[in-house]
Amino acid sequence: MPISLDAMALDPVDPQVKLLLTDLQGNILKGHGRDHTINLFLKFSPGRQALVKDWLSAFTRVFVTSAQKQMEQTNFFKTNKVSAGMHVNLFLTAKGYQYLGVADAKVPANTSFRAGMKAMQSTLLDPPASTWDAGYDSEIHALILIGDDSPQLVRALKRAIIFSLKNLATPMREEPGKAIRDKVGNGIEHNGYADGVSQPLFFKKDIDEEATRIGRSNFTPDAKLSIALVPDPGKAGSFGSYFIFRKLEQNVKGFKEQEQHLADALGLVDADDRERAGALVVGRFEDGTPVTTEKDALGTITKDHVPNDFTYASDPGLRCPFQGHIRKTSPRTDGGGIEFNKGKRLVRRGIPYEKTERVRLPDGELDPAHFPKKGDGFGLLFMCFVADIGEQFQTGQFEFMQKQWINAPDFVTGNTGIDPIIGQHPPGVGQDPGFAAQHWNKIWNDTSPQPESVAFGFADFVELKGGAYFFAPSLPTLLALKVSTSPLLPEQLQIFI
């Protein structure tokens, strides 16, 4: 009997858990942790279905990382302090399933997945696909994610994959990712803010470690399997997950300039106080300290201590505004009457990308003299796993969050405005200041009957450049695609064995 999706705090020694992890792809329940990645988007060639199926099966057998293998790699790294090897995922789109001729009953049934991201433009308020980067506006069948701490090895496997797929598939797009870290080793984005701080945790060991480092008297990151996993229709008793990819270009120069304009509008003068403008926008200071707490009371931020044990239960928007990015996307227990449904969380696996290397300071941040602007090719490869892509209140995750929280100007209150980081306007609104303006309290935690605030528009510094919906099938489903009795691994890939 398969493990229940209501299970929490998994113990990898449990036989049921081990069976789950053996069939499940890695990176879903725990991030792979590599600093360099390539996302390779593929379109399979017409009339080559049998050979493509054999290739997918053989490639899976040798390269695709199971969750069980990932656990072993993690333990090896912690013990020996050296890399345990590459991490590889293989995802399919609905069009990919269609190309392979998979019976309808064995294709993931999620309506949004089957329609595809381009078809959900009106729900997501995305720009037209015709404006996306080349390749994303075409049909995509599969995505191979390669991760390693060596960028040379990542590129080498990517080249070998492309060579081995000659006449079987066309590379539609490749997106390299590169982790950025601050002076204590925590991940940050190009805008300098801590990234990946608050994630759902599925394993007991990870939950216990976070409780020791950070505490859990206010907020518990524990998550049920049901927020990430669904039964894989291709193999009874096995599980998969929906995978969302969005390439988000960041206008870092414009963002940083707008931070200063907001600080001016709020009347913040000295340098330390002016940092609060950006913290209100993001919901955290750059080092990860939540703006809803007293920064000085939390002590020095280290790699093992980025505060996460907090909620908004006692903050009716006076410390962290309702439009603050992390409050909009993860309300926790909200003082504005929004009781956070933990089932709405996304299992985020994003990584920054950059077209060319820029000068960075010792803390990992970009030199202000070299802030990239719109069109320079800097941003985030946003990726996440969910059990339900859709916008339904009871079950939906990604689209629900985009429509009901991120892009909703009336979130909690009537004048919240859209998310200042990733919010998008309805068609035709553009940067209309009357729509874009959010209200920002001039004094932090002003508890007077009518706190003084300013209307100030903070938006449009992130642009969607492409994306797609995928499914991460179980390993048994991918292995069973084979047509030949024993499909051979192409010789171009054998060197990596």
Side-chain angles (χ1 to χ4, degrees), residues 28 39 41-44 46 49 89-145 172-173 175 226-234 239-248 343-344 346-349 381-408 422-427 463-474 477:
I28 301 174
N39 285 3
F41 298 85
L42 300 170
K43 181 180 181 181
F44 300 132
Q49 281 86 347
N89 283 118
L90 174 56
F91 310 129
L92 297 173
T93 63
K95 291 290 187 182
Y97 275 95
Q98 182 180 333
Y99 169 90
L100 295 171
V102 176
D104 188 71
K106 293 190 174 184
V107 178
N110 185 269
T111 303
S112 296
F113 167 73
R114 291 194 172 196
M117 186 179 292
K118 289 194 287 285
M120 306 311 294
Q121 180 187 4
S122 61
T123 296
L124 301 172
L125 301 185
D126 286 342
S130 59
T131 67
W132 295 0
D133 284 350
Y136 293 120
D137 56 346
S138 302
E139 189 168 296
I140 293 171
H141 292 149
L143 166 59
I144 296 176
L145 186 157
M172 302 305 296
R173 186 92 197 171
E175 297 289 359
S226 58
I227 75 166
L229 302 186
V230 294
D232 182 353
F239 296 90
S241 183
Y242 293 101
F243 179 79
I244 294 156
F245 175 89
R246 288 165 76 80
K247 181 181 180 181
L248 304 176
K344 299 297 180 193
L346 309 179
V347 182
R348 293 171 291 119
R349 299 290 183 249
L381 302 179
F382 174 87
M383 296 173 275
C384 72
F385 292 98
V386 295
D388 188 344
I389 300 171
E391 61 175 293
Q392 298 80 14
F393 173 73
Q394 292 295 334
T395 60
Q397 291 168 271
F398 174 71
E399 290 177 355
F400 175 90
M401 184 182 294
Q402 290 289 135
K403 183 175 182 178
Q404 303 297 335
W405 292 350
I406 292 169
N407 293 334
I422 57 174
Q424 300 190 110
H425 304 295
E463 181 180 1
L464 177 70
K465 305 300 288 184
Y469 291 151
F470 297 88
F471 188 74
S474 66
T477 290

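These numbers come from a predicted model, not from an experiment.
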_Sequence neighbours excluded, every pair satisfying side chain to side chain donor-acceptor pair (under 3.5 Å) that has a member inside residues 93-107_ = Asp104-Arg114
*Indicate yes or no: at least one non-hydrogen side-chain atom of Thr111 is less than 4.5 angstrom from one of Gln392.*
no
*Can any side-chain N or O of Lys403 pair as donor or acceptor with the backbone N or O of Leu124 at less than 3.5 Å?*
no
*asked:* With heavy-atom distances below 4.5 Å as the criterion, would you say the side chains of Arg246 and Asp126 are in contact?
replied: yes
*Quick one: side-chain hydrogen bond (donor to acceptor under 3.5 Å, both in side chains) partners of Asp232, sequence neighbours excluded?*
Ser474, Thr477
*Going from CG on Asn39 to CG on Asn89, what distance comes out if it is rounded to the nearest 0.5 angstrom?*
9.5 Å
*Are the side chains of Leu100 and Leu92 in touch, meaning some heavy atoms are under 4.5 Å apart?*
yes
*Starting at CD1 of Ile140, measure out to CG of Leu42 and round the result to the nearest 0.5 Å.*
9.0 Å
*Quickly, which of Phe398, Phe91, Tyr242 forms a ring pair (Phe, Tyr, Trp, His ring centres under 6.0 Å) with Phe113? Name it, please.*
Tyr242
*Looking at Tyr136, is Lys247 sitting on its ring face, NZ or CZ under 6.0 Å from the six-membered ring centre and within 45 degrees of the normal?*
no
*Glu139 side chain to Lys43 backbone, donor-acceptor under 3.5 Å*: no
*asked:* Taking the side chain as everything from C-beta on, heavy atoms only, tell me whether Ile422 gets closer than 4.5 Å to Gln402.
replied: yes
*Of the non-hydrogen atoms in Leu464 and Gln424, which two are nearest, and what is the gap between them?*
CB-OE1, 4.3 Å
*Using atom types as modelled and distance alone, determine if a side-chain donor or acceptor of Gln121 lies under 3.5 Å from a backbone N or O of Ala129.*
no
*asked:* On a heavy-atom basis, which atom in Ser226 and which in Ala387 lie closest, and how many Å separate them?
replied: O-CB, 3.1 Å
*Is the backbone of Ala134 close enough, under 3.5 Å, to the side chain of Arg173 for a donor and an acceptor to pair up by distance?*
yes
*Run the ring-centre check on Phe245 versus Phe41 and record whether the distance is less than 6.0 Å.*
yes
*Between Leu145 and Phe470, is any pair of side-chain heavy atoms under 4.5 Å apart?*
no
*Short question: side chain of Lys118, backbone of Ala468 - any donor-acceptor pair under 3.5 Å?*
no
*Does a side-chain heavy-atom distance below 4.5 Å link Phe471 with Ser241?*
no
_Within the 4.5 Å heavy-atom criterion, are Asp388 and Asn110 side-chain neighbours or not?_
yes
*Give, for atom CZ of Phe400 and atom CD1 of Ile406, the distance between the pair rounded to the nearest 0.5 Å.*
11.0 Å
*For Glu399, what residues pass the side-chain hydrogen bond (donor to acceptor under 3.5 Å, both in side chains) criterion, not counting sequence neighbours?*
Ser112, Tyr469
*Out of curiosity, Leu143 CG to Met383 CE, how far, rounded to the nearest 0.5 Å?*
8.5 Å
_How long is the straight-line distance from OG1 of Thr131 back to NZ of Lys465, given to the nearest 0.5 Å?_
6.5 Å
*Supply the atom-to-atom distance Phe382 CZ to Ile244 CD1, rounded to the nearest 0.5 angstrom.*
6.5 Å
